[in-house]
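One structure is given below, encoded as structure tokens.
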Amino acid sequence: MRALKYPGGDQQHAIYDSRAAVYEKMGKRKEALRDAKQVIELAKDQWQGYARAARLFLVASKFDAALSMVDAAISRLKVSNTKRCDELIKLKNDILQQRKAETKRLRLTQNQTSKLPVELLSEVFRYVVLDDLAALICLLRVSGTWRNVVLTTPSLWETLILTTRSPARKLTLWLKQSKCRIHALHIRASVTTHPDWPFPELADIAWDQIRICSSVGWDVANYVKQRKLGEDALSSLEELEMIEDRFCQQRARPGLFPLLQKVGIRSLSFSQSYFSWKDVSGHLTSLTSINVLGCSKDPQDLLAALAANPGLETIKILDHFHYRYSSTPPINLPHLTHLELMGSYASSLVESMNTPILNTLIIKGSGTSLNNAFGSLITSQCAPHLTHLVIERCSLDSSMLKRFLTNASSLTQLELLGLHKSVNAVIDALAGPTFFPRQPNDNSPSKPVVRPAGFNGTFILCPALSCLAVSQSLDVKTGPIVRLVKSRKSAAAAFATAQEGFIEDVDGQPPQKCAPITSLIMDQCDQIEANWLPWFRENVTTVSCVYESRKKKGSWREPNFPKDLSQRKLAFQVIAPLMQLIFALYLFLAFVLTTHAAPQSKAEIISPKIGETILAGSKFAFEYRTRADYGVSSYNYTVWLFTKSPATPEPSDLFATGYFFGRYSQPNYPGNPYPKNQPPSELTMPDFSKSPGGFGTGLQSENKDCLFVVLEEYGTGVLDFYELLSIPQNASPSEIKIAYHRTLLRFHPDKKKNADSVPNSKGNESISISVIKEAYNTLSDLDRRKEYDCASASKGGRGGKTGPRPAQVVSLEEFEEVNDAVGGEEGDEIWRYQCRCDGVYKITSSDMERGHHLVGCSSCSEVVWVGYELQESDNDDAGSR
């Protein structure tokens, strides 16, 4: 160190180089690099300073500087010093390799999108947000560059969805980022219950920029009118969706449809509220899509509404009204591609339309036959364009369906759900003959070639079909499904082989192009054999075969069989047991037999007959005529076979010996018009000597007289929800909530032996958990509670035990006063109200003077509660509320 204090000398650079070496070994690279710089300045022609600087720059990942230093060191090195030359060349190679590795690492980790123009990056983000609106929040968290682009691009904030999570704060943020230009506004149901709704910030939205508006329980047109947002408000609106939380009688305000006519609305959707087709036909002519789920106020104007909008592309009507349409000639809808209907009107509506380019057809729950409808579809020649066909819980002859499918060359998805006695024939027609391809060198006449339809000049039914669903079709069997999969697979392979030129055709007809079955859904098809499921999964990409739902599986408990059943020698097999069929209709509450029986509806077991002899294991016809009293009947019943008469029809912990056939539902309107567990036409007599045979398994019996029993489930009218929750009628919402949780804990099935229901405090009834929840939902909602109290009061007190429960409460103001003397006393004033079944509710002034509020429909069994108040006037007439 002292030597460095005296300047001068030829070897001073060596001293700096020595100290740099010491600093390098000590890890003090900064000091070492400073001394290496001194060496280079003192001895520019020497290689040592450059070499040491190269090594230090390499450690510091300064690859360019290290490369220039090592090149300078090599150029100053003597040629004779080969050892040092090799070391420096090796150092240079290390620098190049590390620089290449670092460049590759940076290329992999560097944000390449930061190099893109902001306009291009924002357009990419816009497509991402269109697919998933929640992706906007994810884009903000990726990097600072992305965050800046998202925050400075208003077009990414054009869609606003208000939910319960900080709706006011979200509205303020979206207005700021989008500069008040919201193009799609979605209001969820929970937002409208906010105490500050509607938020003042809503008025700041540029309402003339709104193109899509969807609201639940909120009338946007009425809001625009009340706030006086200007004549241009909603002028750009293209799609409107109005949804109610639950089915109600709320009608669209009178100014809505003139406003929609002014803006030229293209897509309209109403859900769970009254909808007027007359308003549509009178004001709207530019619709391309219409979606109605709920109550149609005037179904007779439906055809006029459709005819007024010839540009319709999508029609979806899910409603249960009864009306027969007729249009000669049929209305022309040349652009319609999607048609979805549910209800008995579907068949006549399809007959009244001409849809030449229909792609998707969905018909559900049509109570009338679809034969005429499909005949009209064949006439309109829409079958070649059809790609998706769904028929669910409808009546249709297999011959008509096969005739329609003959022209459906583009059909890829076919769903036949809940059909009976026609699915097997259709599947057989789709399967066709089996195909065994002939090899090129096989000319033996003794081996016939069995070819698929289309290969020998005939036609393959629906050659593009790849997805088939036959769920809930109880008559579907394994054989036709297997033949279909095999036939389509072999036909597809034949076409592929023919394309390669390996199949020699003897008839001069090339094989027709055919798609294999890739999706097969057979849920709740009991006749599909389980041992074929592995084969299906091996030959079909997607297979679903759920024999019963979890809810159906847990609906009843199987009996406990003796543990030593396998050790018993069941030598005797019940042969020809004499079945003495005794009609025994047991009710859960016996007084319903006399109180609620309708004279014209007598329960009766039609088949089998009394005294009929049925062999064990054989099938016998079953038909039961239900009592089906509206307001007290659940339209459900269970079928049993008792080997001895039960001691009592009352609920008991004792098991009866016999067999349980099942629980079935009788179709009824409007409660359950299309039940999934409809009664079968045939039942199978059990063999008690085989397991499982019934509760009396293993007992030997011959010529046994048994009891064939049907238990129809009845109720007693309106349940007293106040008594159930043990609260007074004027209980507050907080008291109702506390009582609900107390009652729920008291009757919860986990704390009782029976998982379905538990006895109440009286000990002679069963309280289901669903009933407790229904009581809480009714009493906690102000509107439903008022309706319940009115219905209870009309029966002579709280929670009356007799009479049907009204379907709805209707004010007398909604009734129409008519001059009709039929049905009333002389001098009576009569008011009428139309039912949704096209029947009429009628009430007279004499009825009101007697205090009658319940009024029944003239056509169906539905009952309404009429609201009115009697007032004394000069003429002593009854006034209305």
Side-chain angles (χ1 to χ4, degrees), residues 162-167 187-198 215-219 242-250 271-274 294-295 551 631 634 670-671 715-752 756-762 765-801 803-811 853-854 863-865 867:
L162 293 181
T163 61
T164 53
R165 292 191 63 180
S166 306
I187 308 297
R188 296 292 183 254
S190 52
V191 182
T192 57
T193 59
H194 195 281
D196 297 331
W197 180 262
S215 61
V216 181
W218 184 57
D219 191 345
M242 300 183 67
I243 307 173
E244 295 296 331
D245 292 340
R246 56 190 177 90
F247 281 97
C248 65
Q249 293 184 355
Q250 180 177 352
S271 179
Q272 302 188 155
S273 62
Y274 269 10
C295 303
K551 180 178 180 181
S634 69
T716 58
V718 181
L719 182 65
D720 191 343
F721 289 161
Y722 292 101
E723 181 181 351
L724 175 62
L725 300 181
S726 301
I727 55 176
Q729 193 169 6
N730 58 351
S732 64
S734 59
E735 293 174 344
I736 295 175
K737 187 174 183 180
I738 294 174
Y740 164 66
H741 288 290
R742 181 176 64 246
T743 308
L744 196 63
L745 290 175
R746 178 184 177 189
F747 294 116
H748 199 278
D750 292 342
K751 301 180 181 298
K752 303 293 179 180
D756 292 331
S757 60
V758 295
N760 66 355
S761 58
K762 296 181 180 180
E765 295 181 6
S766 295
I767 300 299
S768 174
I769 298 301
S770 61
V771 175
I772 300 175
K773 292 182 178 180
E774 174 66 18
Y776 172 71
N777 293 334
T778 300
L779 299 183
S780 59
D781 186 277
L782 294 180
D783 295 335
R784 295 180 63 183
R785 184 177 181 180
K786 181 179 179 180
E787 178 183 342
Y788 172 77
D789 291 340
C790 293
S792 300
S794 66
K795 296 176 177 55
R798 195 185 74 184
K801 296 295 183 180
R805 181 174 182 175
Q808 56 182 322
V809 177
V810 183
S811 174
H853 287 267
L854 285 179
V863 180
V864 298
W865 192 90

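Starting from 1, each residue takes its place in the sequence as its number. In this text, all values refer to a predicted model and were calculated from it rather than measured experimentally.
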Requested in this report: For side-chain contact (heavy atoms from CB on, under 4.5 Å), just list the numbers for Trp197 and Thr193, CA-CA rounded to whole Å, side-chain angles, deciding distance to a tenth of an Å, and then say yes or no.
Outcome: CA-CA 7 Å; Trp197 180 262; Thr193 59; over 6 Å; no

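- In this pair, Tyr722 and Tyr788 present their aromatic rings tilted. The plane angle is within the 30 to 60° band.
- Scanning for side-chain contact (heavy atoms from CB on, under 4.5 Å) contacts around Ser734 gives Ser732, with sequence neighbours left out.
- Of all heavy-atom pairs spanning Leu162 and Pro167, the tightest one is CD2-O, 3.6 Å.
- Interatomic distance, OG1 of Thr778 versus CG of Asp789, reported as 10.5 Å (0.5 Å rounding).
- Distance check, rounded to the nearest 0.5 Å: CD1 of Ile736 to CG of Asp781 gives 10.5 Å.
- The side-chain contact (heavy atoms from CB on, under 4.5 Å) check on Asp196 picks up His194, Phe199, with sequence neighbours excluded.
- To the nearest 0.5 Å, atom CZ of residue Arg785 and atom OG of residue Ser780 are 9.5 Å apart.
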Query raised in the report: Stepwise, does the side-chain contact (heavy atoms from CB on, under 4.5 Å) test hold for Ile772 with Leu724?
Result: CA-CA 8 Å; Ile772 300 175; Leu724 175 62; 4.3 Å; yes

Query - Intermediate values then yes/no, side-chain contact (heavy atoms from CB on, under 4.5 Å), Glu774 and Phe721 - result: CA-CA 9 Å; Glu774 174 66 18; Phe721 289 161; 4.0 Å; yes

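- With sequence neighbours left out, the side-chain contact (heavy atoms from CB on, under 4.5 Å) criterion links Thr163 to Ile161, Arg165, Arg188.
- In terms of the side-chain contact (heavy atoms from CB on, under 4.5 Å) criterion, Pro733 has no residue partners (sequence neighbours excluded).
- Taken to the nearest 0.5 Å, the OH atom of Tyr776 stands 12.0 Å off from the NZ atom of Lys773.
- From Glu735, atom CD reaches atom CG of Leu725 across 12.0 Å, with rounding to the nearest 0.5 Å.
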